Amino acid sequence: MPQPRATAAPVYALVDCNNFYVSCERAFDPSIRTTPTVVLSNNDGCVIARSPEAKALGIGMAEPAFKREGFFRQHGVRVFSSNYALYGDMSRRVMDILGSFSPDMEVYSIDEAFLRLRPVTGRSLTDLACEMRRTVHQWTGIPVSVGLAPTKTLAKLANHWAKKHTASGVFDCAACADVDALLERIDVGEVWGIGRRYADKLHRLGVHTARQLKDRPDHWVQRRLTIKGLMTVKELRGQPCIPIEDAPPPHKSIMSSRSFGRPVTTWDEMLEAVSAYTARTAEKLRRQGSVASSVMVFIKTNHHKPEDPQYSATRTMQLPVASAHTPTLIKAAQTLLRAIFRTGYRYCKAGVMVAGLEREDSRQLSLLTLPPDPLLAQDPRQDALMETLDGINAKWGRDTVQYAATGLGKPWSMRQNHKSPRYTTSWNELPVVKMG
DNA sequence: TCTGGGGTCCTAGGACCC
DNA sequence: TCTGGGGTCCTAGGACCC
């Protein structure tokens, strides 16, 4: 048993929900607790979460679902469409609980958080981690694993180790007498910050394990993996380089894009889809309190179907005055789309991105636009209108009020043929408990 | 023979993460 | 019929400035 630490050196915990999306489905449907289960990406495209039983059947991450349909049926695999209303809400509950264990928390993704833990007299951090795990499971039904280490990169590895090799679901690097021996057993590609490309490159250079990477000289690492790679290596050596970000910095760009549920071929449908994505982008922009100074639109055909004629195009426009006003952005996006849209293609995807984001309260006015236009662009009525729109939609649900340009039927919208109810966020879809 | 030196800004491409 | 969506950062190279 590791002893309570006497020093003030920070210890990082990485808490990661096990098979998060599957665990969310299971929390509300006990009948699938031991059934092989998968969750698909948007548009029911590929597998993005697998239960242990599904993994054991050999179902891979990111496998296209349509190729596995027969297999799923044959093995009784339960299949779910992504239900982000549910996962987002469950995530918030888990994070609330974790936040009560440490004020220094970074919510790193929908299913992961880093915590900086302070040693408590008379109690080991492993013990504390076990309590976190118990509490989250008891209060939400979501199983989590915890890795403890002196750096975030090592905490990631410790978490990985906890999932694979412990029954407790908790692993503390400090409890390990020989960290080098452990790093020797970990493939370099499993290190946080080393993706597929770098892993291939490192293997070609004779670096196969986390230990070997850790022992390369700084200049060797920086030349091949850039400054970021060097930070990763220093963290493997136990030297913290990547701080906790407790307040996430505002986004520098915001995108909305979707694959279509079926190919889009007409101008009218494409215009509707791009307008709808723009409206969504504008909402996200306002939620962050930002305005955008440029708009980008892209459209593309399906490159998985080489027998179809292929086309893809992107176009960007600078706005004279940064804006988060939906009609202004829709107008810009429509102009861009008009410039790149070609008939005769079966489009599979489109998207809208805004960039050059500034805080709404400190935006630059245009030098070039003569009065009264700057006043018009700053019309306070625009802001008031958007506020009202967002308020109504927040209260009564998304798209209670929407722009006509974004379409009503949305025949191009994504497939979601296996969606579970929004158990926790919709009154009409609450789970029903039957008293025996 | 010999073609400065230092800086900024922008873009494209490539890598990573979940 | 059919292969996700949404981000960030770094580097190199070119344009341009004095």
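The structure presented is a predicted model; accordingly, all values stated were derived computationally and were not measured. Hydrogens, waters and symmetry mates are skipped; everything else that's a heavy atom, side chains included, is used. Below, chain A is the first sequence line, B the second, and so on; all start at residue 1.
Proximity of A:L225 to A:L213: side-chain heavy atoms (C-beta onward) are separated by under 4.5 Å at one or more points. Counting only heavy atoms from C-beta outward, the side chains of A:M296 and A:T314 approach each other to under 4.5 Å.
Seen from the ring of A:F71, A:R68 counts as a face-on cation partner, given the 6.0 Å and 45° thresholds.
Comment: A:R346 engages A:D308 in a salt bridge, judged by a side-chain N to carboxylate O separation of less than 4.0 angstrom. A salt bridge is defined here as a Lys NZ or Arg NE, NH1 or NH2 lying under 4.0 Å from an Asp or Glu carboxylate O, and A:R197 with A:D200 fails to meet this definition.
To the nearest 0.5 angstrom, A:L117 atom CG is 10.0 Å from A:F101 atom CZ.
As a whole-Å value, the separation of A:Y87 OH from C:dG6 C1' is 17 Å. Put simply, CD on A:Q288 is 15 Å from P on C:dG6, counting in whole angstrom units. A:W192 places its CH2 atom 11 Å from the C1' atom of B:dC18, with the value rounded to the nearest Å. Between the CD1 atom of A:I242 and the P atom of C:dC10 there is a distance of 11 Å, given to the nearest Å. A:E190 places its CD atom 12 Å from the P atom of B:dC18, with the value rounded to the nearest Å.
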Should A:V352 and A:M255 be marked as a side-chain contact (heavy atoms from CB on, under 4.5 Å) after you check the CA-CA gap, both sets of side-chain angles, and the distance that decides it? CA-CA 6 Å; A:V352 176; A:M255 177 149 78; over 6 Å; no

Salt bridge (Lys or Arg N to Asp or Glu O under 4.0 Å) between A:R286 and A:E283, worked out: CA-CA 5 Å; A:R286 293 194 292 270; A:E283 280 169 22; 5.2 Å; no

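A heavy atom closer than 4.0 Å to some atom of DNA chain C occurs in no member of residues 94-115 of chain A. Against DNA chain B, the stretch residues 206-237 of chain A makes no heavy-atom approach under 4.0 Å.
Residue-level contact check: A:H251 touches the backbone only, with heavy atoms under 4.0 Å from sugar-phosphate atoms and none from bases.
Under the salt bridge (Lys or Arg N to Asp or Glu O under 4.0 Å) criterion, A:D215 pairs with A:R211, not counting sequence neighbours.
Separating the P atom of B:dG4 from that of C:dG14 is a span of 16 Å, rounded to the nearest Å.
A:W139 CH2: 12 or fewer foreign heavy atoms inside a 6.0 Å radius.
In this structure, the side chain of A:D44 engages the main chain of A:N417 through a donor-acceptor pair within 3.5 Å. Under the 3.5 Å distance criterion, the side-chain polar atoms of A:R133 are matched with a main-chain donor or acceptor of A:V144. Between the side chain of A:N18 and the backbone N or O of A:K163 there is no donor-acceptor pair closer than 3.5 Å. A donor-acceptor distance shorter than 3.5 angstrom exists from the side chain of A:T135 to the backbone of A:E131, with no hydrogens or angles considered.
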Could you go over nucleotides 2-5 of chain C and give all protein N or O partners under 3.5 Å, atom names and distances?
| unit_1 | atom_1 | unit_2 | atom_2 | d |
| --- | --- | --- | --- | --- |
| C:dC2 | OP2 | A:K305 | NZ | 2.8 |
| C:dG4 | O4' | A:S41 | OG | 2.9 |
| C:dG5 | OP1 | A:S259 | N | 2.4 |
| C:dG5 | OP2 | A:S259 | OG | 3.0 |
| C:dG5 | OP2 | A:K349 | NZ | 3.1 |
| C:dG5 | O3' | A:S257 | O | 3.4 |
| C:dG5 | O3' | A:R258 | NH1 | 3.1 |

Under-3.5 Å N/O pairs linking protein and nucleotides 12-16 of chain C:
none

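Ring-plane geometry between A:Y87 and A:Y21 is classed as parallel, the angle between the planes falling under 30 degrees on a 0 to 90 degree scale with a further cut at 60.
Consecutive pairing runs in DNA chain C reach the stem threshold at B:5-18 with C:5-18, where a stem means at least three Watson-Crick or G-U wobble pairs with distances under 3.5 Å.
Side-chain rings of A:W192 and A:F114 approach one another, their centers coming within less than 6.0 Å.
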